[in-house]
Amino acid sequence: MTQSSLYFTAPCTVEIRDEPRATLPADRLRVQTIVSAISAGTEMLFYRSQVPAELSTDATIEALSGGIAYPLKYGYACVGRVVEAGAQVPDGASWIDRTVFAFNPHETHFCALPTALIPVPDGIAPEQAALLPNMETAVNFTIDGQPIIGERVAVIGQGIVGLLTTHLLARFPLAELNALDRIPQRLAQAQKLGATHRVDPANESALPRNMDLIYELSGNPAALDTAITLCGFDARVIVGSWYGTKRAEIDLGGHFHRNRIRIISSQVSTIAPATSGRWTKARRLDLAWSMLRQLDTTALITHRISFHQAADAYTLLDQEPERVIQVILNY
C-alpha cells in the first residue's frame, strides 16, 4: 500500500510523491487526511527559500522537528479520520473513525502519537477545523496585545490571520478598529468581520494616526515602518509576522524615540511570561475552538483545490495573492 506526500523540492517547486505506506508503530494511530490548510504566510517562505537555514522547521512539534533542506515536507494544519490503532495505544478502538486535527505536513496518511492528535469537537466541520492554527494564533495576538476599552487599534495585513485577529478585536469596546491592506477583497471581509475603517496603506493621507495598539501581520518587513508611523505616545506594536530571511529597514529616529513606542514579538508556539501564570496552551486552544465555532468561515475559504493539484495552489499564492484569502486542499 502507498501514501502520498507533498514535498518542497526546490525554490518555487513542490511535488506530490507516492511512497510506501509506513508500518504503524504499536504506540501510534494512523490518520487518513480529509483536508489540510495552506498557511500562505509561513509556507510561502519555505516555497521561496526565505527561511533561515539554521532553524528547525518547528522544534516543538514532532512531525516538524527536522532541519530545513530540500526535499522538505512541511505544513501544519491537517484534519483527518483515524483509521487504525497500534496494539499498545490505550483504548485504541475508541479512536477509530474519530475526526482529529494534527500539526502535520500535507500528506494522505500519517502516523501519530495519541497525544499529538486533537479531537475535533462536535459541530465543527473539517474545513473549519483546518483553520485552528490560524485562530489560535489570532487568540495569542489578542492576548499579547491586551486591548483596553476605548483604544484606537490598527491591524496591518488582512490575510487569514489578520482577518481572524480583526474579528476577535471587534468584540472589544474599542474607539476604532482600522484594517489595513492593499487588496480590496480582504478589506471588504475585514469590514464584515467588524473593522470600523478599511484603509489602503498606499494612500498615506488616509492612514490613521495616534493609534494605541497596532498589529503588524502583513509578512512585509516594510510594513513595520508603517506601523511605527501610526503610533501615538506609548503605543505598542505587536509583530506577528515572520519575515524569514527578509530584513526590515525601520526609522527609529525622532517619532519612535520620543514617543516611547514598544515593539513586541508575538509567536504562538509559546505563552508570554506575563500571562503564563494563568494561561496554558490547553486553555488557549479551548478558546480557539470556541471562537471557530462562533464564526462562519465559508467566505474566508476562497479556494478548494485537490491535494494532487497542490502545485497549482502554491503558484496561485505566489503569483496572484490578491485572489486568495485561504486555500484548502481536499484529499
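Position 1 is the first residue of the sequence; numbering continues from there.
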Q. Can a salt bridge be assigned to the pair Arg236 and Glu151 using a cut-off of 4.0 Å between side-chain N and carboxylate O?
A.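 Between Glu151 and Arg236 there is a salt bridge, with a charged N closer than 4.0 Å to a carboxylate O.
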Q. Is Glu322 salt-bridged to Arg186, going by a charged N under 4.0 Å from an acidic O?
A. no
Enter the distance from [X]:[atom1] to [Y]:[atom2] here, rounded to the nearest 0.5 Å.
X	Y	atom1	atom2	answer
Gln128	Leu295	CD	CG	7.5 Å
Thr108	Leu6	OG1	CG	11.0 Å
Asp286	Met291	CG	CE	11.5 Å

Q) Is the backbone of Gly219 close enough, under 3.5 Å, to the side chain of Lys246 for a donor and an acceptor to pair up by distance? A) yes
Q.
Donor-acceptor check, side chain of Thr42 to backbone of Ser39, threshold 3.5 angstrom: yes or no?
A. no
Is it the case that the side chains of [Y] and [X] hold a donor-acceptor pair, with the cut-off being a distance below 3.5 Å and no angle test?
X	Y	result
Thr142	Asp144	no
Thr315	Asp312	no
Asn220	Ser241	no

Q | Smallest separation among heavy atoms of Ile328 and Ala130, with atom names | A | CD1-CB, 4.0 Å
Q: Over 60° means perpendicular and under 30° means parallel, so classify the ring planes of Tyr331 and Phe307, tilted if in between.
A: parallel
(Q) Angle between ring planes, His106 versus Tyr314, binned at 30° and 60°: parallel, tilted or perpendicular? (A)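 Rings of His106 and Tyr314: perpendicular, as their planes differ by over 60°.
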Q: Would you list the pairs meeting side chain to side chain donor-acceptor pair (under 3.5 Å) in which at least one residue belongs to residues 3-12, sequence neighbours left out?
A: Ser4-Asp18, Ser5-Glu19, Ser5-Glu107, Tyr7-Glu19
**Q.** Worked verdict on Asn140 versus Ser266 for side-chain contact (heavy atoms from CB on, under 4.5 Å)
**A.** CA-CA 8 Å; Asn140 190 69; Ser266 179; 3.1 Å; yes
Q. Transitive ILVMFWY cluster of Val100 at side-chain heavy atoms under 4.5 Å: who else is in it?
A.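 Cluster partners of Val100: Leu29, Val31, Val82, Val89, Trp95, Ile96, Phe110, Leu117.
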Do other residues, nucleotides or ligands put more than 12 heavy atoms under 6.0 Å from the [atom1] atom of [X]?
X	atom1	result
Asn203	CG	yes
Glu204	CD	no
Glu249	CD	no

Q: Starting from the C-alpha separation in whole Å, work towards a yes-or-no answer on salt bridge (Lys or Arg N to Asp or Glu O under 4.0 Å) for Arg304 and Glu127.
A: CA-CA 10 Å; Arg304 296 165 175 85; Glu127 281 191 350; 2.7 Å; yes
